[in-house]
Structure formats: structure tokens, C-alpha cells
S.K.: 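Here it is: the structure, laid out below.
Convention: sequence-line order gives letters A, B, ...; per-chain numbering from 1.
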Amino acid sequence: MTENDEIAAMLEEFADRLEAKGVDYKPRAYRDAAESVREASSDALDEPTAIPDVGDAIASKIEEFREKGRVEELEELRDEMPVDIEALTRVEGVGPKTVGKLYEALGVTDLDELEDAAQHGRIQNVSGFGEKTEQNILEGVEFARQSAERTLLGKSLPKARHLVSRVEELGSVKRAVAAGSVRRRKETTGDIDIVVVSDDREATADAVTDWDAEVIQKGERKTSFRKDDEDVDLHLVKEDEFGSALQYFTGSKQHNVATRNVAIDRGLKLNEYGVWDDETDERVAGETEEEVHEALGMEYVPPELRENRGEVETARDGELPELVEEEDVRGELHSHTDRTDGGATLEEMVAGAEERGFDYLAVTDHTEALGVAGGLTDEELRALADDVRALNEDVDVRLFAGAEANILKDGSLDVSDDVLAELDVVVASIHSGMRMEEDEATERLVSAVRNDEVDILGHPSGRLINSREGYPYDFDAVLDAAASEEVALELNSNPHRLDIHDTQVWRCVEARVPVAVNTDAHTPSEYDYVEYGVATARRGWATADDVLNAWTVEELEDWLG
DNA sequence: GCCGTTTTCGGCCCGACTGTTTTCAGTCG
């Protein structure tokens with residue numbers, strides 16, 4: 001978790017606890033502030049009042065938190081109501097108010113006690129609760145225990161596609177599109193939203209809830225169910241509402257607020273059903289997203305940009321960049337074979353690259369220090385390079401001999417410069433000694449970038465989403481070094497990594513540091529990861545020019561040379 | 001608690017859905 005995330009979580013807890021107490025308005029203020037902090041740069045924390053939605057009161061809490069690691073007033077709220085509010089509110093249908101009521105009435109403080117109270121029928125006796133609610137809570141507890149984590153895009157996107165195709169097969173359905181954070185290609189997703197155009201919404205809802213799924217709610221416009229540990233919302237709309245509904249349910253929430261304000265500015269009203277002229281009440285758009293954007297006087301905003309990071313203003317000015325697309329990617333600059341920890345031979349990896357129509361492929365197996373991956377000795381590395389160059393004569397894809405060298409504790413690499421100098425492409429990455437303070441990690445990365453033989457800095461943060469945080473480092477310092485040394489930063493496309501992050505891509509674009517959208521493929525099928533990397537690059541406003549491996553062979557050779 | 005080109009005080013997004021209600025509160029997105 002970044003410091004921004006930690007502070008945002010602290011503010012959200014404030015909001016929940018105030019709401020549980022029945023306080024009005026303040027919770028919204030804390031929630032707005034939390035969201036703004038999450039979106040702000042890490043530098044912004046030094047002057048919190050400059051962050052939108054953060055005033056003097058919340059700013060002083062942020063300062064207290066950064067200084068002491070705790071906030072006195074939050075501690076008091078915790079003492080007052082000692083409940084695990086974060087866990088309890090994960091239960092479907094249980095929000096802060098319910099937590100407050102159940103604590104007052106039954107003394108429930110965590111998931112175990114909630115489950116126990118439900119099992120013994122105590123909840124239905126509390127005023128405002130009934131048998132049904134108690135049953136729903138009981139069913140929701142187990143899921144809440146497991147679902148602390150958001151789902152990787154690498155899992156939710158294929159699942160969403162599968163569900164969409166199943167929905168599309170229903171006779172009553174004309175169209176179905178996945179919306180929400182899946183469509184925005186956020187690195188992790190909460191639930192899966194699908195917008196469905198149907199002639200017969202009731203029949204569609206019935207058909208879907210007949211699947212092997214646990215139905216959460218079923219209405220005329222919205223049907224929710226849980227399938228294979230994933231929450232799915234179907235938004236059932238009429239054909240002429242499709243565009244506005246898709247726009248609305250794609251979000252993000254903050255982007256929607258911003259677009260709604262554009263509508264207000266122009267004397268229009270925007271909601272999920274369409275766009276209306278305020279004065280005449282005439283409906284002016286709604287059937288397609290393009291039409292909705294046009295009515296608002298905006299360029300079409302690609303879903304990946306819809307995070308309220310300036311895209312609304314830029315779209316009004318007609319100055320959105322032409323984002324990189326998967327077809328723009330011409331090659332792969334980070335791949336492995338079975339000579340180290342890959343699952344396929346050199347020949348198979350090359351054949352896979354040819355099949356994908358890549359113009360070039362760099363074979364970059366691990367080097368010696370990475371024992372667990374069978375890292376290559378200098379000799380083996382030279383032998384691989386010879387084989388790569390020999391194979392290059394016979395294939396339709398330009399092969400580069402390379403290595404993924406390890407950045408050691410002192411910032412040096414585990415391969416001598418002489419050997420690296422013989423290679424075409426050198427990726428340098430940290431694979432060990434990851435428990436570091438920020439200064440140490442930054443120094444290690446910067447000295448690797450300063451090494452003349454290094455072309456690309458691999459997965460800079462070392463994080464694995466949901467399982468390893470990665471070391472903290474000063475991204476600006478690394479970026480500065482990369483800019484002056486003409487080194488590219490990798491955007492590792494493995495859905496577990498997505499490292500660098502989308503907001504860092506944006507910084508690279510600004511600093512004119514090329515981004516290498518690499519898959520780090522260990523088998524030919526992993527070249528498919530490029531989709532996730534490209535999506536993340538798009539979320540960082542990157543064009544094809546900003547992506548190193550979208551360049552032609554000649555441009556790339558020029559840069560490497 | 002935050003915000004402001006109608007504002008330094010008086011507002012805070014809003015619609016769908018559910019369950020417990022006799023008209024609404026809470027949750028969710």
C-alpha cells in the first residue's frame with residue numbers, strides 16, 4: 001500500500017465510524033477527501049490543504065497520521081465502538097449504520113460474532129431487522145471472509161468476457177457489454193458490471209438467475225448474482241439508453257461527477273437514461289456513447305482514461321492523445337526459455353513470436369545469481385546468444401540476444417560488463433534482497449540505470465498484486481536517471497505485476513522516457529499478457545511513440561546502438 | 001467537514017433495490 005492509500009484508508013475508516021454513530025454530512029466529507037488523496041501524487045501529501053476536498057481539519061489529521069502513525073480522534077472513535085468496521089461492512093447489505101445498530105443492540109464487533117448472532121436468531125429480534133435480513137447476513141459472512149482482496153484484472157476480464165458471451169446467447173438479448181472497472185482495465189476489480197440491451201428484461205433476468213448462481217437481487221432494471229466467487233451486476237436497459245447506460249456504468253464515479261458537471265455547464269442533464277436539454281426537456285442523446293460525448297461537447301474518452309485525471313477537461317479542449325493499441329506493439333523485449341525457468345524451448349518461443357506477427361523478439365533469460373530460476377553462467381549466456389543469432393538467420397522475426405541480469409544488493413549486476421556488452425538487449429531487475437528501505441532501493445535502482453550496458457529497467461517496484469507489496473523507492477529519482485541515461489522503464493504486463501503502474505506511465509510520457517511494454521513471457525501463450533500491459537499504458541495516456549516496443553526494428557536498433 | 005463567477009452560510013448526487021416498513025431507511029454503485 002502506498003502512503004496515499006494508507007491515508008485514504010484511514011479517512012475511510014473515519015467516515016465509516018462517524019456514519020455508524022449517525023453523524024450527518026461529515027462522512028461524505030471524509031470519503032471525498034479519501035478519494036482525492038488516493039488520486040493525488042505522493043508529493044501532494046506535504047501540503048494537504050492543496051488537495052481537493054481536504055480542508056484544515058482533515059489536513060491536520062493527515063499531518064498527525066504521518067507524524068505519529070495514528071490519529072487521536074480516530075483512536076477515540078475506535079474506543080467508543082470497538083468494532084472491526086472494515087470487515088463487517090464487507091458483508092453484502094451491511095453498511096456502517098447496520099454495524100452501529102448491531103453493536104448497540106447485541107455487542108457485535110467482528111465477523112465471528114456477527115455470524116454467531118445470526119445463527120442464534122438474535123438479529124431478527126433487533127428493531128428494523130427481520131428474518132430475511134438475518135438470513136442474508138448469514139449467507140454473506142463467508143463470502144466477506146474470503147473477499148478481502150479485489151480480483152486481478154487477469155482473472156476478471158476473461159470471466160467478464162465469458163459471462164458476456166453467455167448473456168449474448170440468450171434469445172431476448174440484443175447486446176451485452178462489460179462496463180465498470182473491467183472496461184476501464186483497472187489492475188484490480190471489485191465486481192463485474194454488464195450492460196444488457198434486451199427486448200424482454202424480465203425474461204433475461206429470469207434466464208440468468210436460472211444459472212448456477214446465487215441471486216442477490218432481481219429487479220426490472222438491475223439483477224445481481226454471485227457466480228464462482230465473483231459478484232456480477234446486470235444492468236438491463238432499452239436500446240436507446242444503451243450509450244448513456246454504458247457511459248454511466250463504466251464510471252469511474254469521479255469521472256461521472258465531472259461529466260455531469262460538463263452537462264450542467266451546457267444546460268443539459270445527464271444520467272444513465274440519456275442526455276436532456278434542461279429548458280425544452282427534449283432528449284438529445286443516449287443511444288451511443290459517441291453521441292453522449294458529442295452532446296456534451298467532448299471528444300470520445302477511451303474507457304481507460306475515465307478516472308478524472310484531467311481527461312474531461314482535455315476532451316472538452318479536443319486534445320486527448322491517440323492512445324497506443326495492441327496492434328501497435330511490434331515486438332517483445334523480455335522473454336525466457338527453458339534454459340532458465342521458462343516453459344518452452346528457444347525455438348518454441350520464437351515460433352510463438354512469429355505466429356503473433358512480431359517484428360522482433362529479445363530473448364532475455366535469467367543470469368547466474370538467480371539460482372532458483374537456473375540462472376545462466378557467462379558461458380551459458382554466450383552460448384544462448386550464439387544460438388539466438390544462428391536462429392535469427394532462418395526466421396521471419398528479428399531476434400535480439402539478451403539477458404535479464406540481476407541487480408545485486410550494492411546496485412551492481414551479476415554479469416560482467418564485457419559479457420553484457422556482447423548482448424543486444426539487457427534488462428536489469430531486482431529479484432532478491434527485497435526487504436529494503438526507500439533510500440536503499442532507490443540507490444540500487446539508480447545505479448543499475450547508470451550502468452552503460454543496461455537498456456531496460458525490469459519490473460521496477462518488484463510488487464506482486466495482492467501478494468507482495470514490493471519495496472518503496474523514489475520513482476522521480478529513478479525516472480530522472482532513466483531520462484539522462486536513455487534507459488527505458490519496463491511496464492511488465494504480467495497481470496500479477498503491472499509494474500510500472502498506470503500513473504507512473506504518465507510520468508514517463510511527460511519525461512520522454514520510453515516505456516517497454518514487456519510480457520516477461522515464460523511460454524508462448526504468455527505473449528497474450530501484452531493486452532494487460534497495453535491497457536495499463538493507455539491508462540497512463542501513452543501513445544505508440546511512447547512505447548519502446550511499438551517502434552520499428554530500425555528505430556529500435558538505432559536506440560539500442 | 002468542505003465548498004463557493006448565484007454563496008463565508010447553507011447546502012451536500014441520485015436512482016434501484018430490498019426489507020421492514022404503513023411511508024421509509026439503509027445499502028450499493
S.K.: Under 4.0 Å between a Lys/Arg side-chain N and an Asp/Glu carboxylate O for A/Asp502 and A/Arg185?
M.R.: no
S.K.: What is the nucleic acid contact for A/Val257, judged by heavy atoms within less than 4.0 Å: base, sugar-phosphate only, or nothing?
M.R.: nothing
S.K.: Would you verify whether the NZ or CZ of A/Arg306 falls within 45 degrees of the ring axis of A/Tyr300 while also being under 6.0 Å from that six-membered ring's centre?
M.R.: yes
S.K.: Would you indicate, yes or no, if B/dC13 has its OP1 or OP2 atom less than 4.0 angstrom from a side-chain nitrogen or oxygen of A/Arg28?
M.R.: yes
S.K.: Check each of A/Asp206, A/Asp210, A/Asp233 against A/Lys218 using the salt bridge (charged side-chain N to carboxylate O under 4.0 Å, His left out) test, and report the only one that passes.
M.R.: A/Asp206
S.K.: Can you tell me how far C1' in B/dT22 sits from the matching atom in B/dG11, rounded to whole Å?
M.R.: 31 Å
S.K.: If you find the nucleotide of DNA chain B closest to A/Glu73 and the one closest to A/Pro96, which residue's nucleotide is nearer the 5' end?
M.R.: A/Glu73
S.K.: Looking at every strand, decide which applies to A/Glu131 at a 4.0 Å heavy-atom threshold: base, sugar-phosphate, or nothing.
M.R.: sugar-phosphate
S.K.: May I have the distance from A/Asp53 (atom CG) to B/dG4 (atom P), rounded to whole angstrom?
M.R.: 9 Å
S.K.: Roughly how many Å apart are B/dG26 and B/dT20, using the C1' atom of each and rounding to a whole number?
M.R.: 11 Å
S.K.: To the nearest Å, give me how far apart NZ (A/Lys132) and C1' (B/dG26) are.
M.R.: 17 Å
S.K.: Between B/dT27, B/dT20, B/dC17, which nucleotide gets closest to the side-chain atoms of A/Glu220?
M.R.: B/dC17
S.K.: Could you check how far CZ of A/Arg31 sits from C1' of B/dC28, rounded to whole Å?
M.R.: 12 Å
S.K.: In whole Å, what separates the C1' atom of B/dG19 from that of B/dG10?
M.R.: 34 Å
S.K.: Check the phosphate of B/dA16 against A/Lys222, side-chain N and O only, distance under 4.0 Å to OP1 or OP2. Yes or no?
M.R.: no
S.K.: How many whole angstroms separate atom CG of A/Asn136 from atom C1' of B/dT27?
M.R.: 12 Å
S.K.: Respond yes when some side-chain nitrogen or oxygen of A/Thr89 is under 4.0 Å from OP1 or OP2 of B/dT27, and no when none is.
M.R.: no
S.K.: Answer yes or no on whether A/Arg226 is positioned over the face of A/Phe143, meaning its NZ or CZ is under 6.0 Å from the six-membered ring centre and within 45° of the axis.
M.R.: yes
S.K.: Applying the 5.5 Å / 30° rule, does A/Phe129 stack onto the base of B/dT20?
M.R.: no
S.K.: In terms of side-chain geometry, is the basic nitrogen of A/Lys68 or A/Glu75 positioned less than 4.0 Å from the acidic oxygen of its partner?
M.R.: no
S.K.: May I have the distance from A/Asp56 (atom CG) to B/dC3 (atom P), rounded to whole angstrom?
M.R.: 9 Å
S.K.: Taking the same atom, C1', in B/dT7 and in B/dC14, what whole-Å distance lies between them?
M.R.: 23 Å
S.K.: Select from A/Arg260 and A/Gln217 the residue whose nearest nucleotide in DNA chain B is closer to the 5' end of that strand.
M.R.: A/Arg260
S.K.: I want to check one thing: is the phosphate of B/dC13, taken as OP1 and OP2, less than 4.0 Å away from some side-chain N or O of A/Lys253?
M.R.: no
S.K.: What's the CG-C1' distance between A/Leu234 and B/dG29, to the nearest Å?
M.R.: 14 Å
S.K.: Taking any heavy-atom pair under 4.0 Å as a contact, classify A/Asp24: base, sugar-phosphate, or nothing.
M.R.: nothing
S.K.: Please determine whether a side-chain nitrogen or oxygen atom of A/Tyr273 lies at a distance below 4.0 Å from atom OP1 or OP2 of B/dA16.
M.R.: yes
S.K.: According to a strict under-4.0 Å criterion, is A/Ser127 in side-chain N/O contact with OP1 or OP2 of B/dT20?
M.R.: no
S.K.: What is the separation between atom CG on A/Asp231 and atom P on B/dG29, rounded to the nearest whole Å?
M.R.: 8 Å
S.K.: Checking all strands, does A/Val99 fall into the base, sugar-phosphate, or nothing category for heavy-atom contacts under 4.0 angstrom?
M.R.: nothing
S.K.: Within a strict 4.5 Å, meaning less than it, do heavy atoms of the A/Glu134 and A/Phe129 side chains meet?
M.R.: no
S.K.: Distance check, P atoms only: B/dA25 and B/dT21, in whole angstrom units.
M.R.: 13 Å
S.K.: For the P atoms, the ones on B/dT18 and on B/dC12, what distance do you get once it is rounded to whole angstrom?
M.R.: 28 Å
S.K.: How close or far is atom P of B/dG1 from atom CG of A/Leu74, stated in whole angstroms?
M.R.: 13 Å
S.K.: Under a 90° cut-off about 0 for the syn range, is B/dT22 syn or anti?
M.R.: anti
S.K.: Should A/Glu80 and A/Arg17 count as an ion pair when the cut-off is N to O under 4.0 Å?
M.R.: no
S.K.: Hey, is the side chain of A/Asn271 poking within less than 4.0 Å of OP1 or OP2 on B/dC14, counting only N and O atoms?
M.R.: no
S.K.: Output the single nucleotide from B/dG26, B/dG19, B/dT18 whose closest atom is nearest the side chain of A/Lys218.
M.R.: B/dT18
S.K.: Which whole number of Å gives the distance between the C1' atom of B/dT27 and that of B/dC13?
M.R.: 15 Å
S.K.: Using the P atom in both, what is the distance from B/dT8 to B/dC3, to the nearest Å?
M.R.: 16 Å
S.K.: Remember a base hit wins even if backbone is also touched, and classify A/Pro27 as base, sugar-phosphate or nothing at under 4.0 Å, heavy atoms.
M.R.: nothing
S.K.: Does the structure show a Watson-Crick or G-U wobble partner for B/dC9, both distances under 3.5 Å? Name it, or say none.
M.R.: B/dG4
S.K.: Honestly, is A/Arg309 close enough over A/Trp506, meaning NZ or CZ under 6.0 Å from the six-membered ring centre and within 45° of the axis?
M.R.: no
S.K.: Counting only side-chain heavy atoms from C-beta out, which of B/dG26, B/dG1, B/dC17 sits nearest to A/Arg221?
M.R.: B/dC17
S.K.: For A/Lys61, report the nucleic acid contact type (base, sugar-phosphate, nothing); a contact means any heavy atom under 4.0 Å.
M.R.: sugar-phosphate
